Colleague: 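The structure's right below; bear with me while I get my questions together.
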Amino acid sequence: MTQYKSEFLNTLTERGYIHQCSDFGGLDALAAANKAVAYIGFDCTASSLHVGSLVQIMLLHWLQKTGNKPIVLMGGGTTRVGDPSGRDESRKILTLDDIEANKRGIQTVFDKFLKFGKGGTDAFMSDNAEWLTTLNYIEMLRDVGKHFSVNRMLAMDSVKMRLEREHELSFIEFNYMVLQAYDFTELARRYGCNLQMGGSDQWGNIVNGIDLGRRMGTHQLYALTSPLITLSSGAKMGKTASGAVWLNADMRSPYEYWQFWRNTEDADVGRFLKLFTILPMSEITKLEALGGAEINEAKKILANAATALLHGEAAAHEAAETARKTFEEGTSAAGLPTVVIDLSQPVGILPALVQAGLATSNGEAKRSIQGGAIKVNDVAVSDEKLTVSKSDLNSDGAIKLSMGKKKHVLIKPA
RNA sequence: GGGAGAGUGUCCCGAGUGGCAAAGGGGGGGGACUGUAAAUCCCCUGCUUUACGGCUUCGUAGGUUCGAGUCCUACCUCUCCCA
């Protein structure tokens with residue numbers, strides 16, 4: 001198991017974070033001496049990161065935990081360009097204000113996973129807008145552009161795919177990889193960065209950066225990528241009914257986040273425990289051995305641990321308790337999502353469902369009732385003309401609206 | 001600039017003869033079975049406070065027609081080929 005000298009690579013290997021590395025030996029030596037300075041780039045296209053970025057965040061977490069220095073690079077500059085990797089549609093180009101707002105939202109998440117500061121292994125955040133926005137085109141062409149072979153760029157998968165699919169690839173997007181490579185060398189020069197990590201789809205871009213670094217005379221750079229995380233059922237990770245699983249609490253509550261992990265497929269539990277929690281491997285091995293219905297215990301531990309990492313122990317506890325009351329006791333729990341509605345007049349069940357966010361239109365609410373999905377205070381509803389009023393308030397002063405087995409909302413009077 | 005194609009249910013793919021709320025998938029939601037799992041089976045998946053009613057949908061704007069996703073005109077966007 002101790003295949004490497006460095007704790008960093010050993011941990012990553014046994015937990016399944018590694019897809020490819022440009023030079024295991026070289027990186028191992030660096031990490032063993034606690035001299036790895038690694039960065040991962042994140043977009044600012046939304047005001048929160050989602051579960052899809054969690055593997056990357058965890059990479060930085062372990063990097064720091066094993067005695068090395070993480071850099072979070074915000075793509076404030078590159079977000080204005082758009083990465084063609086893996087997509088065949090151009091990204092939207094955001095305004096500067098949007099980008100700034102998104103950056104602030106994203107920063108809050110990193111505070112949970114990394115220790116920021118000025119010390120040796122303290123993380124810090126950088127933004128490639130710092131150097132990209134002041135670039136001069138002629139100098140850029142002369143100093144950086146001359147190192148890029150268009151022949152090679154055309155051969156890259158991300159580009160090839162766009163060409164083969166007969167989708168347009170604009171020049172601005174074509175330049176994304178140049179900018180990303182340049183980021184790497186710039187971080188190397190400014191901060192002594194020597195490793196870039198990322199998802200496996202970033203391999204080409206990262207390797208380009210190593211190449212550019214060598215040509216521009218930086219120290220040796222390294223690449224490390226993580227596998228693309230998919231569910232056993234083949235679906236992409238992090239997409240659920242209600243859209244992406246956002247990490248920011250204001251976009252997805254701790255309770256919902258907990259539920260996301262609780263509903264993990266059996267086949268994924270072990271893998272996810274390793275990737276998304278910091279539980280010791282010995283404990284994970286035990287949990288992995290659970291079979292049949294017992295695996296639900298492992299799922300709860302996964303949910304607790306993953307939620308605690310992001311939202312803290314207290315929030316995880318509360319979410320677990322809410323879930324326990326709701327699912328195991330079948331009672332209503334105060335921690336469920338709550339919506340305030342004016343109940344001075346009786347409210348029809350249809351608009352109530354819409355306001356509670358359980359349906360997007362009266363029509364949809366009606367169909368749900370016809371499908372037998374709706375319960376008020378745990379009593380099934382068959383009449384779509386039913387109204388709810390103050391007299392339906394339970395002992396906690398709320399009305400529990402349920403759709404299906406998993407979605408519960410408490411309604412409180414205004 | 002010339003030529004050839006394409007844009008369909010505001011999640012995606014995709015059929016579509018002048019009678020169309022528009023086939024079929026995927027995805028999603030619900031139900032059954034289970035373990036808040038997977039697989040499987042069944043139902044639902046445009047809006048509208050009852051509706052064999054009304055309204056809104058096929059890139060945009062007009063037109064022909066009793067009636068247009070379907071025909072005509074112009075425009076927009078995208079793709080390919082030739083310059």
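Keep in mind that what you see is a predicted model, and the values were worked out from it rather than measured. Residue numbering restarts at 1 for every chain, and letters A, B, ... go by the order of the sequence lines.
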Colleague: Quick one: which protein N/O atoms are closer than 3.5 Å to N/O atoms of nucleotides 52-56 of chain B? Pair and distance per line, please.
Modeller:
none

Colleague: So which of residues 298-315 of chain A are in contact with RNA chain B, with a heavy-atom cut-off of under 4.0 Å?
Modeller: A/K299

Colleague: According to the ring-ring contact (aromatic ring centres under 6.0 Å, His included) rule, which pairs have a member within residues 381-414 of chain A, sequence neighbours left out?
Modeller: A/F327-A/H408

Colleague: I need the CD1-C1' distance between A/I369 and B/G30, as an integer number of Å.
Modeller: 13 Å

Colleague: Got a sec, which residues hit salt bridge (Lys or Arg N to Asp or Glu O under 4.0 Å) with A/E313, two or more places apart in sequence or on another chain?
Modeller: none

Colleague: Rounded off to whole Å, could you give me the CG-to-P distance for the A/D266 and B/G35 pair?
Modeller: 12 Å

Colleague: Using the P atom in both, what is the distance from B/G1 to B/C66, to the nearest Å?
Modeller: 40 Å

Colleague: If you restrict it to nitrogen or oxygen atoms, what contacts under 3.5 Å exist between nucleotides 44-48 of chain B and the protein, and what is each distance?
Modeller:
{"from": "B/C47", "atom 1": "OP1", "to": "A/S361", "atom 2": "OG", "distance (Å)": "3.0"}
{"from": "B/C47", "atom 1": "OP2", "to": "A/R367", "atom 2": "NH2", "distance (Å)": "2.3"}
{"from": "B/U48", "atom 1": "OP1", "to": "A/N362", "atom 2": "N", "distance (Å)": "3.1"}
{"from": "B/U48", "atom 1": "OP2", "to": "A/G363", "atom 2": "N", "distance (Å)": "2.8"}

Colleague: Would you measure the distance from the C1' atom in B/U40 across to the matching atom in B/U56 and give it in whole Å?
Modeller: 38 Å

Colleague: For B/A15, which nucleotide in any strand shown is its Watson-Crick or wobble partner with both distances under 3.5 Å?
Modeller: none

Colleague: Roughly how far apart, to the nearest Å, are B/A22 and B/G31 at atom P?
Modeller: 27 Å

Colleague: Test: side chain to side chain donor-acceptor pair (under 3.5 Å). Region: residues 52-65 of chain A. Which pairs qualify, not counting sequence neighbours?
Modeller: A/Y17-A/W62, A/Q56-A/S226

Colleague: Give the table of side-chain donor-acceptor pairs shorter than 3.5 Å for residues 278-287 of chain A, with sequence neighbours excluded, one pair per line with atom names and distance.
Modeller:
{"from": "A/T285", "atom 1": "OG1", "to": "A/M281", "atom 2": "O", "distance (Å)": "2.7"}

Colleague: Report the residues that fulfil salt bridge (Lys or Arg N to Asp or Glu O under 4.0 Å) with A/R104, sequence neighbours left out, ordered by chain and then residue number.
Modeller: none

Colleague: Pairing check on B/C20: which nucleotide meets the Watson-Crick or G-U wobble criteria with it, both distances under 3.5 Å?
Modeller: none

Colleague: Identify which nucleotide among B/A32, B/G35, B/A37 has an atom closest to any side-chain atom of A/A293, counting heavy atoms from C-beta outward.
Modeller: B/G35

Colleague: I'd like to know if A/E328 reaches the base of B/U36 with its side chain such that a donor and an acceptor end up less than 3.5 angstrom apart.
Modeller: no

Colleague: Would you mind reading off the distance between A/E329 atom CD and B/U36 atom P, rounded to a whole angstrom?
Modeller: 14 Å

Colleague: Suppose you measure atom C1' in B/C20 against the same atom in B/A15; what distance do you get, rounded to whole Å?
Modeller: 13 Å

Colleague: Starting from C1' on B/G29, measure out to NZ on A/K406 and report it in whole angstrom.
Modeller: 12 Å

Colleague: Does the pair A/I40 and A/L59 meet the rule for a side chain to side chain contact (heavy atoms under 4.5 Å, CB included), with working shown?
Modeller: CA-CA 9 Å; A/I40 297 180; A/L59 279 174; 4.0 Å; yes

Colleague: Tell which nucleotide pairs with B/U49, taking only Watson-Crick or G-U wobble pairs whose two distances are both under 3.5 angstrom.
Modeller: none

Colleague: So with a 6.0 Å cut-off around CD of A/E329, is the heavy-atom count from everything else above 12?
Modeller: yes

Colleague: Looking at A/E256 and A/S253, would you say the former's side chain and the latter's main chain have a donor-acceptor pair under 3.5 Å?
Modeller: yes

Colleague: I'd like to know if A/E328 and A/K300 make a salt bridge, using a cut-off of under 4.0 Å between side-chain N and carboxylate O.
Modeller: yes

Colleague: Report the distance from atom NZ of A/K407 to atom P of B/G31, rounded to the nearest whole Å.
Modeller: 10 Å

Colleague: Within the structure shown, what part of the strands sits under 4.0 Å from A/Q259 by heavy-atom distance: base, sugar-phosphate, or nothing?
Modeller: base

Colleague: Return whichever of A/I295 or A/E384 has its heavy-atom-nearest nucleotide of RNA chain B closer to the 5' end.
Modeller: A/I295

Colleague: Looking only at the side chain of A/A373 (C-beta and beyond, no hydrogens), which of the listed nucleotides B/A32, B/G30, B/U36 gets closest?
Modeller: B/G30

Colleague: Can you list every ring-ring contact (aromatic ring centres under 6.0 Å, His included) pair that touches residues 288-318 of chain A, not counting sequence neighbours?
Modeller: A/Y257-A/H311

Colleague: Under a 3.5 Å cut-off for both contacts, is B/C41 paired Watson-Crick or G-U wobble with anything, and if yes, with which nucleotide?
Modeller: B/G31

Colleague: What pairs of residues pass the ring-ring contact (aromatic ring centres under 6.0 Å, His included) test when at least one of them lies in residues 335-379 of chain A, not counting sequence neighbours?
Modeller: none

Colleague: Whole angstroms only, please: what is the CG-C1' distance between A/D383 and B/U50?
Modeller: 11 Å

Colleague: C1' atom, B/U79 versus B/U10: distance in rounded Å?
Modeller: 23 Å

Colleague: Send over the distance from A/K375 NZ to B/G29 P, rounded to a whole Å.
Modeller: 18 Å

Colleague: Syn or anti for B/C20, with syn set at within 90° of 0?
Modeller: syn

Colleague: Under 4.0 Å between any heavy atoms, over every strand shown, what does A/G404 touch: base, sugar-phosphate, or nothing? Just pick one.
Modeller: sugar-phosphate

Colleague: Between A/K385 and A/F327, which is nearer to the 5' end of RNA chain B once each is assigned its nearest nucleotide?
Modeller: A/F327

Colleague: Got a sec, which pairs hit ring-ring contact (aromatic ring centres under 6.0 Å, His included) with one end in residues 339-358 of chain A, sequence neighbours left out?
Modeller: none

Colleague: Heavy-atom count around A/K112 NZ within 6.0 Å, excluding the residue itself: above 12?
Modeller: yes

Colleague: Counting only Watson-Crick or G-U wobble pairs whose two distances fall under 3.5 Å, which nucleotide matches B/U56?
Modeller: none

Colleague: Rounded to whole angstroms, how far apart are NZ on A/K405 and P on B/G30?
Modeller: 10 Å

Colleague: Quote, to the nearest angstrom, the P distance that separates B/G14 from B/G19.
Modeller: 24 Å

Colleague: Can you sort out the partners of A/K366 under salt bridge (Lys or Arg N to Asp or Glu O under 4.0 Å), two or more places apart, ordered by chain and number?
Modeller: none

Colleague: For A/V51 and A/L247: C-alpha separation, side-chain torsions, deciding distance, then whether side chain to side chain contact (heavy atoms under 4.5 Å, CB included) applies.
Modeller: CA-CA 7 Å; A/V51 170; A/L247 299 180; 4.2 Å; yes

Colleague: Kindly point out which of B/U34, B/G35, B/A37 is positioned nearest to the side chain of A/E265?
Modeller: B/A37

Colleague: With P as the reference atom in both, quote the distance from B/U57 to B/C44 in angstrom, rounded to an integer.
Modeller: 26 Å

Colleague: Of all the choices, B/G35, B/G30, B/A37, which nucleotide is nearest to the side chain of A/M403 once you look at every atom?
Modeller: B/G30

Colleague: Taking the C1' atom in each of B/U50 and B/C33, what is the distance between them to the nearest angstrom?
Modeller: 36 Å

Colleague: Within the 4.0 Å heavy-atom criterion, would you say A/A323 contacts the bases, only the backbone, or no part of the nucleic acid?
Modeller: base

Colleague: With both distances under 3.5 Å as the test, what is the Watson-Crick or G-U wobble partner of B/A6?
Modeller: B/U77

